[in-house]
Amino acid sequence: MLLIQCPYCQEDRPEIEFQGAGEAHIARPANIADISDAEFSEYFFIRDNTKGIVFERWRHTHGCGRFFNAVRNSISDKFIMTYKAGEPKPELTEEQIKAAAPISKKPAADKPEPSPSKAEKAK
Amino acid sequence: MSISSASAGANRIKNRGRLNRARTISFTWDGKSLNAYDGDTLASALLANGIHLTGRSFKYHRPRGILSAGPEEPNAIVDIARDTARRQPNVRATVQEVFDGMQANSQNRFPALIFDVGAVNDFFGPFIPAGFYYKTFMWPASFWKHVYEPFIRRAAGLGTAPTEADPDTYANRYAHCDVLVAGGGPAGIAAALAAARKGKSVILCDENADFGGHLRADIHAQIDGQPAMDWVASAVAELRSLDNATVLNRTTAFGYYTANMVALAERVTDHIADPDPELPRERLWQVRAGTVLIATGAIERHLVFHGNDRPAVMLASAAQMFANHFGVSIGKRVGVYTACDSAWQAAFDLHEAGSPIALIVDTRSEVPSQLLAKANDLGIAVKPGHKVTATSGRLRISSMTVEAENGHGKEKTPIDALIVSGGWTPSVHLFSQSRGRLKFDADNGRFLPDEVAENCICIGGCNGAMTLADALDDAANATGSKPANCEETGSMVGYQIGTSNGKTDSAFDKSFIDFQNDVTAKDIRLAVREGMLSIEHVKRYTTTGMATDQGKMSNMHGLAIAATELGREIPDIGLTTFRAPYTPVTFGTIINHAKGKLFDVTRTTPIHSWAQEHGAVFEDVGNWKRTWYFPKPGEDMQAAVNRECAATRNAAGIFDASTLGKIEVVGPDAVKFMELMYTNPWQKLAVGRCRYGIMLREDGFIYDDGVVGRLAEDRFHVTTTTGGAPRVLNHMEDYLQTEFPDWKVWLTSTSEQWAVIAVQGPKAREIIEPFVEDIDLDDMPHMSIREGRFCGVRTRLMRVSFTGELGFEINVPANYGRSVWEKIWERGEPLGLTPYGTEAMHVLRAEKGFIIVGQDTDGTVTPDDANLSWAIGKKKTDFVGIRGLKRIDLVAEGRRQLVGLKTLDPREVLEEGAQIVEDPHQPIPMKMIGFVTSSYWSENCGRSIALALIENGRAQMGEKLHVPMANGAIAVEVCETVFIDPDGSKLNG
Amino acid sequence: MRKFSGFALARETMRAHKGWDRQWDNPEPRAKYEVIIIGAGGHGLATAYYLAKVHGITDVAVLEKGWLGGGNTGRNTTIIRSNYLYDESAGIYDHAIKLWETLSQELNYNVMFSQRGVMMLAHNVHDAQVAQRHIHANRLNGVDNEWLDRDAAKAYCPPLNISSSLRYPVMGAALQRRGGVARHDAVAWGYARAASAMGVHIIQNCEVTGINQDSNGQVTGVETTRGSIGASKVGIVAAGHTSVLMEMAGVRMPLESFPLQALVSEPVKPCFPCVVMSNTVHAYISQSDKGELVIGAGTDQYTSYSQTGGMHIISHTLEAICEMFPMFSRMKMLRSWGGIVDVTPDRSPIIAKTPVKGLYVNCGWGTGGFKATPGSGHVFAHTIAKDEPHKINAGYTLERFTTGRLIDEAAAAAVAH
Amino acid sequence: MDDVLQIEPLAGRRFAATGIALEPAPFCERFSLRAGPEEVAEVGKEIGIALPVKPKSSKTLKKISALWLGPDEWLIMAAPETGLSAKMSKLDGTLCSAVDVSHRNTAIYVEGPNALAVLNAGCPQNLSLTAFPKGACSRTIIGKSEIILLRESPERFRVECWRSFSDYVWNFLVDAGKSAQI
């Protein structure tokens, strides 16, 4: 269960108080009635689905009720920050990005798989 | 010292052990009555009674004994029962504490533990190596289902699942603390105490009944000048006395989840003979910790050699625990086979406690001199640089065969127990679950915690400490305190992984890596030979590490053998992933309170109790219980619904509509907001009037509908479907907060503020008139709303109709709902007023062609499909869904449109969901052109009626189509959706 | 390929099973292939197998960033059924079932396809209506699916609690007798072995880092952690990671990737004869041949590539299991894990050509891709080989998200009123 | 028609166990009050209580309680004799939304040394006195129901919930109350 900082309650709260609301910073076109089918598809269906830093929306449904935005690393699930709805997409610092980065699971540096002949020889 | 003949087992060691021997406990083992002491585990009690053989292995059904003294146990997996309903399969005998009246039984054997017909698999072992089932049982194909699979299934599985509902209760606790200490050995206790003394809020948990970890097996160590276990007792007592510390024994930290959430399972009553029935059996703790101190210790490994699985082969530390903590002797002539110093001390302790050591075999040619000297002092024979290559004994080990590393000097030594140690594996499970990185310590053949991913610190054995002093230092470093002083004798130096001795190349090799799943060294080699190059493949192909012990003892061996076979280093192959839970956790614990009536919320209306008293049958709609119909004695559902429908059309019906969602939309921008959220135009809706609104999603499909009343220029009373209420409000808030945050309008759910009583039918007005105050009913046209009083209570009175009859919906504050309902009922009953439920409501509205969102629409239906184009404001330039509606496929020819259907035989009622075709004689697969969305017997029409979505339906009025059923097609005619009063004259009563 | 059989096993027993070969080769990648498949899960390996077997294209490399079968193939609850509502869905899933029925023999690898029946419970009037709609449509599509009343459901699955005092009492169930489960690892291994025997290269530990295109936008190959590999046709079959890979070719996708968890209990003797699903209370359960209860949980509510999820998700599904099968309250969870599922807006897959010439994609199977494995591989191989979809996957395009012609099974089961 | 009775959903229920007592709270008037930051002061003046603007805080003055629920949302509560409705009607000309929800909610008092343990059986928030002091309030979860929690004293909480959830919330608290002893 994630722990999410609600920018309105100014406190970390447990995930079950929140509802995920998908990718952030997708504005509804002001002239929506006039856009093309392709533009509508882009707006309504196409998503970044980034592996890494994601900008996403949450609603503190069972708390203050507010929608807000969050920046999270989708590999480590660590939050970098949350901010109020309507605030611009934040610039992230190196440290912020690093702090949320996942650590490599592998105990040693990657080595290529040995060829069968090499494995055979080693026996 | 000598073995006493105490009543709780013949193998009790006099003056040894920490159990209270004042009272004996009686339990049964495979039906035989045995005695134990308070504090015994089933394992220690069985051993005390001379029983080593406790189970049969999974695949070969080989006799197996108690191997460990802790949660890593792979062999002694038993069935524990209190009574027939309180029975638990697959319990580790080394963890289960004995209580009076406990019934323990061995598993996976037939007919009996000592004679098990499944053991024939052992003979066939050479035919069924790892993965054999992938290679056979393919012909003839039909045999898989009827012969092979049933056979495999019967042979597999360990215990028997319970067959009765679980009568026990379980509990949950969310907790927060500054420091969670997982593991109550010396490091954990010292750290918890240091943190608590600094004023931190601390939770300390340990999976065992007693704190102390490996110190429980130790009788020599001293901490702060006192025997280590005395230090443990006083430290735990101090922690228990502090308000800022919570001390939990019998509590396993089993899962490390994101953001320092650690799950603990506390066993509350499983050790008690007669527990308080109010107490939960187990309690789940979901702890959110500032820092997690992982003090989970280390687990000793076995060694891999031919015949290493016979009963009475046991981990050295386990034998030491049984002797020193439980006061139980495991044998009278004990062999020792080790690669690690710690087993020597175990051997000395056993020797001194009356279990003479026959021989110590150490794989290492160089053993610390003080150990050799001590052995010499005690007169114990030792063979450094030797290995055990075979054992004998059917139901208990009777000898071991020892030879030198070079194969010389082969010699057989008679023994009745063999203690083994392949060194220690740090318990990095929790750390690894936290997604921390491990590093390989090649010098000691083990993985250790490296970089952390969460805010945690590993201390003690799991961090690689090999001595008590190291462990206490870790604790001090982690808490910024001074380490406790200690004196000790033990060390965990020395290891062996992966090597296997004996018939390693033979098909008959029985050098077990994973005891429970019967995985041998040769199975691992076979997997590699067959191209399983990843350790995950090896694991899955051989099933090593996948048994109930999750490979706590076996993983390192499997990994090392695979690495050797692959010609690669261990860290290059990597460990398999550690997954929660650390030890198996009862489903009941995980769900805790959420069973029975707490499984899910049951929502009822203020009028529910009246309906119950009047014989209502209820249906589930989301979380709500809604009245389905009100059968009179002797009536079935159809009869009741027919009567309810007829009465409503002929006199009046009363219906509880309280579950309808209601949202109050308030503010100067309210009308602007309504324009956006609904397809309809709202600007011109006069105060006091209502309108039926359609809400779309942005993709243009119908999302919800409902009647909206305008209470004031800046205030709307919006109704939604019952199930749609929460999502509609969320949908509205989403647009309001994120797209139009500057609009001055607010939304408040009033679904439960108002009880809603619908009175519908020609006599509706007559019935309600006397109750109405401050409202002029004559000035209330169809689709209007007024505020005033009803029965003296504040009301929002709506003149609306979902039946096509003259009708009112009376909103009163919920606490008055039942009383007002009763007042109307009192007056209306003599006038023919009849209560009706949702089924009659469905029929009545279908007779009028009104849709139900979710039944006549399914998330792929546009307003036009549902004949609701009229509800779209033609001049509007924006509303949610305006663009989605115009997409190619949504305006294409051939969409399914809502129409009415009449069966040619008026008595035939179609099945809802039945499919419609043009030609019922076409071959399968048929071209389906639509389906029946609603279908009823209409008493008012005197025939069946149906609604359907049909391709180009509106253009097919009068056409004959077919509804193919399993037993023949039903002919239907397409018709308008309105079956009664098409010009709406009844509305105006 | 050495033939597997009982006789072969017996013969090998005489020599301690020393004679078994590698089930699949572990070759070094060549500089160029005719077709590259990205992702050695069940769908990717099946695609390679059918490319070789049906279309004679054996110059194929299957690139896998980890170990074959290590993604959702090895992490799912293996439910197989085809009783879907829409023609497109019934088409592909029933195509798959037909292939499942002879797969062990075809691959000479026992994938343990066990047609023990999949029973989908109905708990309220709306569920029953939805079930009936499916049953009628399935019958006309030639897909078996039948309605069982409450007592018949109990007879088919004796542990089922049909007490009317349940919070959501069972009203009945839709049963597909041809549905069942299979051994997930064996599916990947069986396809890998058979494909490898026909010359397909399966290259593990080879992560794709880029997709190369020429100036006309035609695909020319991929960049990997083991160097550049050329090919004029590249098929992406990478489950949760599709968006990441498609982005490399400059195509943004209508996909979101969510954690999906599952768990098994400790093994017990046979106690659960079939597969039971309940969409209303969220329970998905069967018992493996090993004896473990295999239980599927739901997805978390946020996108993630972490392969972990919250415990509350697991708790939610176990609540339903214990409600439906109260005797399992004392069973224990042995292991839980997470996978990454990519989900399209209509919850149906995309098996199609892409705007990039030579690039094909098979994705968006959400929580239910395993059951389609043979069918998916079969039609995707056709799509790649012929550069046009098979009639079975013709509707599973990317364009449907522009035209609005969705295949929305979930919406069709919409929560009612 | 003065015989039209009000029936509170939890009327007549009582529960007590070791260290815990549950009791339905008497009926009170409640308003959901919404106002933007510019109007907060004015709205407070009209109803005679300065609205708390700090998250998770409440204020009680002259028997009227105002609970901060969100940046533009308060729950205003008072016993019927306080005349809250009349005060709220003064807001008619003010830029805000005041909606009567007196009957939408009901409330349970949870009191005793085990109160915190009972609530934490289903409420995932940190309810320690430092994190959730006297006067703190929050919308949150207990089990499967949304609630509003108000700490009236170290060992006394008021649990507000929607009326149709109250049976569940009550049963949950009873179940937790039985098992809270450690």
Side-chain angles (χ1 to χ4, degrees), chain B residues 88-90 126-127 129 134-138 149 152-153 156-163 165-166 257 263 507 526 530-531 534 536 540 548 579-580 584-588 590-591 594 599-600 619-620 721-723 852 854-855 858-860 887-890 911-915 924-926 928, chain C residues 4 6 9 13 16-17 20 22-24 26 67 70 104-105 109-110 114-115 124-125 129 132-133 136-137 140-142 167-168 185-186 266-271 289-291 311 315 318-319 322-323 326-337 403-405 408 411-412 414-417:
Chain B
Q88 179 84 42
N90 298 351
F127 293 90
Y134 300 126
K135 294 180 175 134
T136 184
F137 301 142
M138 285 176 277
E149 187 177 46
I152 289 185
R153 289 194 69 179
L158 275 177
T160 311
T163 51
D166 186 356
Y257 296 90
L526 173 65
E530 292 199 68
S534 155
E536 291 284 355
R540 285 158 179 264
T548 64
R579 293 184 170 125
V585 182
T586 314
F587 289 180
I590 295 171
I591 73 170
F599 170 64
D600 202 358
E619 69 161 333
D620 286 303
T721 58
T722 295
I852 288 183
Q855 176 162 347
D858 66 2
T860 65
R887 289 178 298 156
I888 300 170
D889 194 60
L890 278 70
E911 275 189 29
E912 285 169 351
Q915 300 289 319
I924 300 278
M926 291 196 190
M928 291 170 254
Chain C
F4 285 165
L9 259 179
T13 301
H17 300 281
W20 296 115
R22 282 176 181 280
Q23 298 196 359
W24 50 85
N26 185 38
W67 37 284
S104 292
Q105 291 74 27
Y109 208 99
N110 189 353
S114 170
Q115 291 181 290
N124 55 47
V125 176
Q129 284 166 349
Q132 290 292 1
R133 186 178 167 196
H136 286 296
L140 301 190
N141 264 324
R167 175 65 189 86
Y168 300 108
D185 290 330
E266 294 184 329
V268 285
K269 294 291 175 194
C271 64
D289 286 348
K290 214 185 148 196
M311 194 174 66
S315 161
L318 286 179
E319 289 163 10
C322 294
E323 175 85 347
M327 71 288 292
F328 292 156
S329 163
R330 294 175 93 85
M331 292 290 289
K332 288 179 176 172
M333 174 170 84
L334 173 60
R335 204 162 50 239
S336 65
W337 63 90
T403 64
R405 189 170 192 80
D408 203 335
V415 176
H417 37 96

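Chain letters run A, B, ... following the sequence lines, proteins first, then strands; residues in each count from 1.
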> Measuring only between side-chain heavy atoms, which start at C-beta, is B:Arg579 closer than 4.5 Å to C:Ser336?
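Side-chain contact under 4.5 Å: no.
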> If I compare all heavy atoms of C:Asp289 with all of B:Glu149, which pair ends up nearest, and what's the gap?
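C:Asp289 and B:Glu149 have their closest heavy atoms at OD1-OE2, 2.7 Å.
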> Would you check if the side chain of C:Thr403 reaches a backbone N or O of B:Asp889 as a donor-acceptor pair within less than 3.5 Å?
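Flag not set: sc C:Thr403 to bb B:Asp889 has no pair under 3.5 Å.
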> Considering only heavy atoms and a distance below 4.5 Å, find which of B:Glu536, B:Arg887, B:Arg540 pairs most often with chain C.
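Option with the greatest count: B:Arg540.
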> Hey, which of B:Leu158, B:Ile152, B:Thr163 has the most heavy atom pairs under 4.5 Å with chain C?
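Most pairs with chain C among the choices: B:Leu158.
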> According to side chain to side chain donor-acceptor pair (under 3.5 Å), who are the partners of B:Tyr257, at least two apart in sequence or on a separate chain?
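Scan of B:Tyr257 (side chain to side chain donor-acceptor pair (under 3.5 Å), adjacent residues dropped) gives none.
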> Sort out for me which of C:Ser114, C:Pro267, C:Gly291 touches chain B most, counting heavy-atom pairs under 4.5 Å.
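Heavy-atom pairs under 4.5 Å are most numerous for C:Pro267.
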> Calculate, to the nearest 0.5 Å, the distance between atoms CZ and OG belonging to B:Phe137 and C:Ser104 respectively.
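Rounded to the nearest 0.5 Å, the CZ-OG separation comes out at 12.0 Å.
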> Of all heavy-atom pairs between B:Thr136 and C:Asn110, which one has the smallest distance, and what is that distance?
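B:Thr136 and C:Asn110 have their closest heavy atoms at O-ND2, 3.0 Å.
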> Could you report the tightest heavy-atom contact between C:Glu266 and B:Pro89, atom names first, then the distance?
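It is OE1-O, 4.1 Å.
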> Taking B:Met138's backbone N and O only, do any of them form a donor-acceptor pair with C:Gln105's side chain (distance below 3.5 Å, no angle check)?
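A pair under 3.5 Å: yes.
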> Determine the minimum heavy-atom distance between C:Phe328 and B:Ala161, stating which atoms define it.
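Taking C:Phe328 first and B:Ala161 second, the nearest heavy atoms are CE2-CB, 4.3 Å.
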> Determine whether C:Lys332 and B:Thr586 satisfy the following criterion, side-chain contact (heavy atoms from CB on, under 4.5 Å), listing intermediate values before the conclusion.
CA-CA 4 Å; C:Lys332 288 179 176 172; B:Thr586 314; 3.9 Å; yes
> In terms of heavy-atom pairs under 4.5 Å, which option from C:Gly142, C:Cys322, C:Pro270 contacts chain B the most?
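With the most close heavy-atom pairs to chain B, the winner is C:Pro270.
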> With a 4.5 Å heavy-atom cut-off, do B:Met928 and C:Asn141 have their side chains touching?
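Yes, side chains in contact.
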> So what's closer than 4.5 Å to chain C heavy atoms on B:Thr548: side chain, backbone, both or neither?
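Both parts, backbone and side chain.
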> Looking at B:Ala156, B:Pro925, B:Gly913, which one has more heavy-atom pairs under 4.5 Å with chain C than the rest?
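When all of B:Ala156, B:Pro925, B:Gly913 are compared, B:Gly913 has the most.
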> Using side chain to side chain donor-acceptor pair (under 3.5 Å) as the criterion, list what pairs up with C:Arg330, not counting sequence neighbours.
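Per chain and number, C:Arg330 pairs via side chain to side chain donor-acceptor pair (under 3.5 Å) with B:Asp166, B:Asp168.
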> Any idea which heavy atoms bring B:Gly157 and C:Lys269 closest together, and the distance?
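Taking B:Gly157 first and C:Lys269 second, the nearest heavy atoms are O-NZ, 3.3 Å.
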> What heavy-atom pair brings B:Pro162 and C:Met327 nearest, and what distance separates the two atoms?
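Taking B:Pro162 first and C:Met327 second, the nearest heavy atoms are O-CG, 3.2 Å.
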> Run the side-chain contact (heavy atoms from CB on, under 4.5 Å) test on C:Arg133 and B:Gln915 for me, step by step, so that the C-alpha distance in whole Å, both residues' side-chain angles and the decisive distance to 0.1 Å come before the verdict.
CA-CA 7 Å; C:Arg133 186 178 167 196; B:Gln915 300 289 319; 3.7 Å; yes
> Can you tell me how far apart CG (C:Leu9) and NZ (B:Lys135) are? Round to the nearest 0.5 Å.
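Separation between the atoms: 6.0 Å.
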> Would you indicate whether C:Arg405, at its atom CZ, is surrounded by more than 12 heavy atoms from other residues, nucleotides or ligands within a distance under 6.0 Å?
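Incorrect, the count does not exceed 12.
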> Do C:Cys271 and B:Thr160 touch side chain to side chain, with heavy atoms closer than 4.5 Å?
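In short, these two side chains do not touch, never coming nearer than 4.5 Å.
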> Kindly determine whether C:Met333 and B:Ile590 satisfy side-chain contact (heavy atoms from CB on, under 4.5 Å), including the steps that lead there.
CA-CA 9 Å; C:Met333 174 170 84; B:Ile590 295 171; 3.7 Å; yes
> Determine, for C:Arg167 against B:Asp600, whether the closest basic-nitrogen to carboxylate-oxygen distance falls under 4.0 angstrom.
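B:Asp600 and C:Arg167: not salt-bridged.
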> Given 3.5 Å as the limit, does a donor-acceptor pair link the side chain of C:His17 with the main chain of B:Pro126, or not?
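Yes; at least one donor-acceptor contact below 3.5 Å.
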